[in-house]
Amino acid sequence: THQIRVHLAHLRHPIVGDVVYGGRQLKTGDVVRQHILAGKSMPLSQMLIARQALHSATLSIHHPTHETRLNSTAPAPFDLANTIWLLRQ
């Protein structure tokens, strides 16, 4: 993850929650204020992400002995999905 974080920070698009490379840490007050103004209700513990907002939705590798491509997908974790939803409001 280090290389991704460094490159995105260099391009001035740091990752949300990456305080080492200049990403914006979501402040409780900012998110709660927007959420309340929108008339929504959700427990605060479910609204914020307390980590770097990184997720690999798909991964594809070439199997070294079977000569086949292995594909894997994973939905966004709950905290990341909620953070994305809140930021789009």
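What you are looking at is a predicted structure, and each value in this text was computed from that prediction instead of being measured.
- Side-chain atoms of H2 and Y21 form a donor-acceptor pair, as typed in the model, at a separation below 3.5 Å.
- The shortest distance between side-chain heavy atoms of L54 and R5 falls below 4.5 Å.
- Considering CG of L70 and NE2 of H62, their distance stands at 9.0 Å, rounded to 0.5 Å.
- Taking both residues in full, the closest heavy atoms of R69 and N71 are given as CG-OD1, 3.6 Å, listed atom of the first, atom of the second, then distance.
- Judged purely by atom type and a 3.5 angstrom limit, H55 has no side-chain atom pairing as donor or acceptor with the backbone of A81.
- The minimum heavy-atom distance linking A53 with L80 is given by the pair CB-CD1, 3.7 Å.
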